[in-house]
Enquirer: 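One structure, pasted below without further comment.
Only this structure's heavy atoms are used, side chains among them; waters, hydrogens and symmetry mates stay out. Predicted, not measured: the structure shown is a model, and the values here were computed from it.
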Amino acid sequence: MDENDIRGFIAKVKQGTLSRRSFIQAMGAVGIAAPLASQILLWNDVAMADATLAYKPTKAGGGGPLRMLVWQAPTLLNPHFALGTKDQVASRVFFEPLAGWDREGNLIPCLAAEVPTKANGGLSADGTSVIWKLKQGVKWHDGKPFTADDVVFTWAYAADLATAAYTTGSYQNITVEKIDDYTVKVIFKAPTPFWADPFVGSVGQILPKHHFADYAGAKSRDAPGNLKPVGTGPYKFVEFKPGDLVRAERNPDYHVKNQPYFDTFEIKGGGDAVSAARAVLQTGEYDYAWNLLVEDEILKRMEAGGKGKVEFTTAGGVEFMILNTTDPWTEVDGERSNAKTKHPTLSDPAVRRAINLLIDRDGIQKFIYGRAAVATASFVNQPTQFKSPKLAYEFNIDKANKILDVAGWKMGADGIREKDGKKLKYVFQTSTNAPRQKTQAIVKQACQKAGIEIELKSVTASVFFSSDVGNPDTYSKFYCDMEMYNTTMPQPDPERFLNQCVSWEIASKDNKWLGRNVSRWSDPEADKAYKAAQQELDPVKRAALLIKVNEIFCEADVFLPLLSRYIVGGAVNNLMTDISGWDVTTWNLGSWYRSRPTAHEHRAELGCATASWIWTV
């Protein structure tokens, strides 16, 4: 299929003779994934589809409580400091962006009145600006009106380096102008093919100027709103116990008609993924369990109980290891793993290559993750047109031994290789979770057969994924030799995802370890390709540049991808959810409802004149 064929399909969609779904299926047949197909339609003035969940309730409220388990436990509620996914999930309950991504990669307006297109004057022909028209009549939870001033403030807040926001990369190289109270213009420094980054999805949540204006820059961490949010979302803040509990109540002034369905909402943290799965799938004590990083055989047994279902959603997340090429054991300028330092042994490419060969990815997928993941050697796996066609993995202990022999790492009397008085002994850390500990054990066992000693370390997830600058065990500080976790892609385009590979995003004391490049490794060619991709309007050339960034880090054996992971959640059978692999779990929380009432709701309904909130699907 060539460019003319694609244009012919687009014309049919515009004429109404071909459905959006059929177009996306046709593009998928030739390797163009759904998110990109949706963007092609948008660029050609074909309106986005409606949200993927058909909402049936005819009035807001009446649904009783909605209870979610986020076992890693949120520790803050400011989305611009939410380095961990758990905090992004919790923040999105209260704060909203101008638009979000549905499961098909469609851009769905939230605080925006419409998605910008060329036809409505929102997208400039040269790709250098976007005009967003804001929804009118939206109120903050304290009753103040939402206006363009809040959008402009959010840009200035996130772009300020002194704020040390994890979202800074999305706002630094743009200018935002207020046209009127309900219109803003985003101006890019150069043609920008992926314009739907600032103010969109997990990085785009808008803050109320009247609550944060006095806490911008260096004062950002002192804002009461970091723990007591005032947003525009479907639920209003009631209570927050960091590392334990988030409680909220229905927002009676929510700007979406008939939403939300539930009267109260609760996030309970703590425990582990297995206990969370059990509380939904087996006992029904909770309605939804987030991030069920649980062995698949265990999930299948729980599902057999009949109370709940496991939901798998295609996403861009990847479970991977990072090998530290800086020195995690020597302090320089007040921090370990300083980018100025060099790891005594992992700076040797031969050692890194050998370790990559000692990972049994197929075994990890088959015996631990099952339906939840696919073994991979690529850091980017979705959408498929951005996946490297040449990266491949291999599990070969003999080959790893030969590489180390050639590189001069001799086997010592204690069975550990060494050279120049330095031994191949490492600390390997990850979050506390059974599949991850089993993966660690598999890697350790293979490394022993190659003369590499591994000390395993597990850190409570709420600590490991926190942004606590005083804690040495956070994954972004990386105070060990190697670590493993899952990183998510918050949009159907890998540009922001791959800023984990650029030099200006290196995590450090100066940016409160909120820089996206946790590895601290950088390559001038990766920087060059990334910057070129940011301005390349040809989608094929742009994909090639982003693939190159991915390949540089994987071929250097700094990133060791293990598994392309699906989003795995558990829901009770009557809960209707809307989960997107390109946004956070709570991106469309206001649309969740029950397909049939609980016993309590049914009893309440019997005393009512109507039963407008009962459905069967």
Side-chain angles (χ1 to χ4, degrees), residues 75-88 91 153-174 189 197-198 202-205 207 212 215-223 225-226 322 324-328 330-343 459 463-480 483 485 487-488 490 495-524 526-527 530-531 534 549 553 558-559:
T75 53
L76 55 82
L77 297 175
N78 183 330
H80 294 277
F81 297 150
L83 188 64
T85 307
K86 61 186 177 58
D87 297 319
Q88 296 167 19
S91 297
F153 168 76
T154 298
W155 157 64
Y157 175 93
D160 187 347
L161 292 178
T163 301
Y166 107 95
T167 56
T168 296
S170 296
Y171 295 94
Q172 267 195 308
N173 296 315
I174 64 173
K189 291 184 177 180
D197 180 27
S202 63
V203 302
Q205 296 172 68
L207 299 178
F212 285 89
Y215 297 97
K219 297 180 180 179
S220 62
R221 296 288 166 158
D222 300 326
N226 294 339
I322 303 176
N324 198 343
T325 58
T326 66
D327 189 345
T330 302
E331 186 173 300
V332 174
D333 296 336
E335 62 180 321
R336 289 150 52 189
S337 291
N338 187 297
K340 298 175 184 177
T341 65
K342 193 174 181 181
H343 196 284
V459 181
V463 172
F464 188 68
F465 293 111
S466 80
S467 53
D468 179 4
V469 296
N471 199 307
D473 290 328
T474 62
Y475 81 99
S476 61
K477 282 194 173 176
F478 201 3
Y479 286 177
C480 65
E483 66 180 3
Y485 57 93
T487 186
T488 58
E495 181 181 309
R496 176 166 175 78
F497 184 74
L498 284 170
N499 70 3
Q500 297 175 80
C501 305
V502 297
S503 61
W504 55 91
E505 281 283 345
I506 287 175
S508 67
K509 181 182 178 182
D510 290 341
N511 58 33
K512 297 181 173 65
W513 294 278
L514 289 175
R516 296 265 293 160
N517 184 343
V518 173
S519 74
R520 278 76 159 167
W521 193 76
S522 63
D523 184 294
D527 285 353
Y530 186 89
K531 288 181 178 179
Q534 288 182 301
V549 176
F553 268 66
V558 172
F559 283 1

Enquirer: Do Leu77 and Asn226 have side chains that approach each other closer than 4.5 Å (heavy atoms only, starting at C-beta)?
Expert: no

Enquirer: Judged by modelled atom types alone, do Thr487 and Gln500 share a side-chain donor-acceptor pair under 3.5 Å?
Expert: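 Checked: Thr487/Gln500 side chains pair up, N/O donor to acceptor below 3.5 Å.
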
Enquirer: Do you know which two heavy atoms are closest between Arg221 and Ser467, and how far apart they sit?
Expert: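 Between these two residues, the closest heavy atoms are NH1-OG, 4.1 Å.
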
Enquirer: Would you give the length of the straight line joining atom CD of Glu483 to atom OG1 of Thr474, rounded to the nearest 0.5 angstrom?
Expert: 8.5 Å

Enquirer: Heavy-atom distance under 4.5 Å between the side chains of Thr326 and Arg336, does that happen here?
Expert: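 Of all side-chain heavy-atom pairs linking Arg336 with Thr326, none is under 4.5 Å.
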
Enquirer: If we count only N and O atoms by modelled type, under 3.5 Å, do the side chains of Asp510 and Ser508 hold a donor and an acceptor together?
Expert: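 Asp510 vs Ser508: no donor-acceptor pair found between side chains.
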
Enquirer: Between Asp527 (side chain) and Val502 (backbone), is there a donor-acceptor pair under 3.5 Å?
Expert: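 Between the backbone of Val502 and the side chain of Asp527 there is no qualifying donor-acceptor contact (under 3.5 Å).
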
Enquirer: Where do Tyr485 and Ile322 land on the side-chain contact (heavy atoms from CB on, under 4.5 Å) test, with the steps shown first?
Expert: CA-CA 9 Å; Tyr485 57 93; Ile322 303 176; 3.6 Å; yes

Enquirer: For the pair Lys340 and Asp333, find out whether any cationic side-chain nitrogen is under 4.0 Å from an anionic carboxylate oxygen.
Expert: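 Salt bridge flag = yes for Asp333 with Lys340.
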
Enquirer: With a 3.5 Å cut-off and no angle check, do the side chains of Thr325 and His343 form a donor-acceptor pair?
Expert: no

Enquirer: Which atom pair, heavy atoms only, marks the closest approach of Asn173 to Lys189?
Expert: O-CG, 3.6 Å

Enquirer: Minimum heavy-atom separation for Pro198 and Ile174, please, with both atom names.
Expert: CB-CD1, 3.8 Å

Enquirer: Going by atom types only, do Arg496 and Ser170 share a side-chain donor-acceptor pair under 3.5 Å?
Expert: yes

Enquirer: We want to know whether Gln88 and Tyr166 form a side-chain donor-acceptor pair, criterion being a heavy-atom distance below 3.5 angstrom.
Expert: yes

Enquirer: Do Leu83 and Ser476 have side chains that approach each other closer than 4.5 Å (heavy atoms only, starting at C-beta)?
Expert: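 In contact.
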
Enquirer: With a 3.5 Å distance limit and no angle check, can you tell me whether Thr341 reaches the backbone of Asn338 through a side-chain donor-acceptor pair?
Expert: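 It does hold such a pair.
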
Enquirer: Can you name the nearest heavy-atom pair linking Thr167 to Pro79, along with the distance?
Expert: CG2-O, 4.3 Å

Enquirer: For the ring pair Phe465 and Tyr475, is the centre-to-centre distance below 6.0 Å?
Expert: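 Judged by ring-centre distance (under 6.0 Å), Phe465 and Tyr475 do meet the cut-off.
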
Enquirer: For Val463 and Asp473, which heavy atoms make the closest approach, and how far apart are they?
Expert: CG1-CB, 4.3 Å

Enquirer: Rounded to the nearest 0.5 Å, what's the gap from OG on Ser220 to CG on Asn78? Could you check?
Expert: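 The OG atom of Ser220 sits 8.0 Å away from the CG atom of Asn78.
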
Enquirer: Check the orientation of Tyr479 and Trp513. Use parallel for under 30°, tilted for 30 to 60°, and perpendicular for over 60°.
Expert: perpendicular

Enquirer: Should Tyr530 and Asn499 count as side-chain neighbours, where that means a heavy-atom distance under 4.5 Å?
Expert: yes

Enquirer: Does Lys531 reach the side chain of Trp504, with side-chain heavy atoms less than 4.5 Å apart?
Expert: yes

Enquirer: I'd like to check Phe553 versus Cys501 (side-chain heavy atoms, cut-off strictly below 4.5 Å). Are they in contact?
Expert: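 SC-SC contact between Phe553 and Cys501 confirmed.
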
Enquirer: Side-chain contact, heavy-atom cut-off 4.5 Å: Leu207 with His80?
Expert: yes

Enquirer: Between Asn324 and Phe478 (side chain of the first, backbone of the second, donor and acceptor by atom type, cut-off under 3.5 Å), is there such a pair?
Expert: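 Here the side-chain-to-backbone pair exists.
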
Enquirer: Would you indicate whether the side-chain heavy atoms of Ser337 and Arg520 approach each other to under 4.5 Å?
Expert: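 Yes, their side chains come closer than 4.5 Å.
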
Enquirer: OG1/Thr168 to OH/Tyr157 distance, rounded to the nearest 0.5 angstrom?
Expert: 9.5 Å

Enquirer: Ignoring hydrogens and angles, state whether a donor on the side chain of Asn517 or Ser519 is under 3.5 Å from an acceptor on the partner side chain.
Expert: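 Their side chains do contain a donor-acceptor pair, which is all the 3.5 Å distance test asks for.
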
Enquirer: Going by atom types alone, do Lys86 and Thr75 pair a side-chain donor with an acceptor below 3.5 Å?
Expert: yes

Enquirer: Could you give the distance from CZ (Phe497) to OG1 (Thr488), rounded to the nearest 0.5 Å?
Expert: 7.5 Å

Enquirer: How close do Glu335 and Lys509 get, heavy atom to heavy atom, and via which atoms?
Expert: OE1-N, 3.1 Å

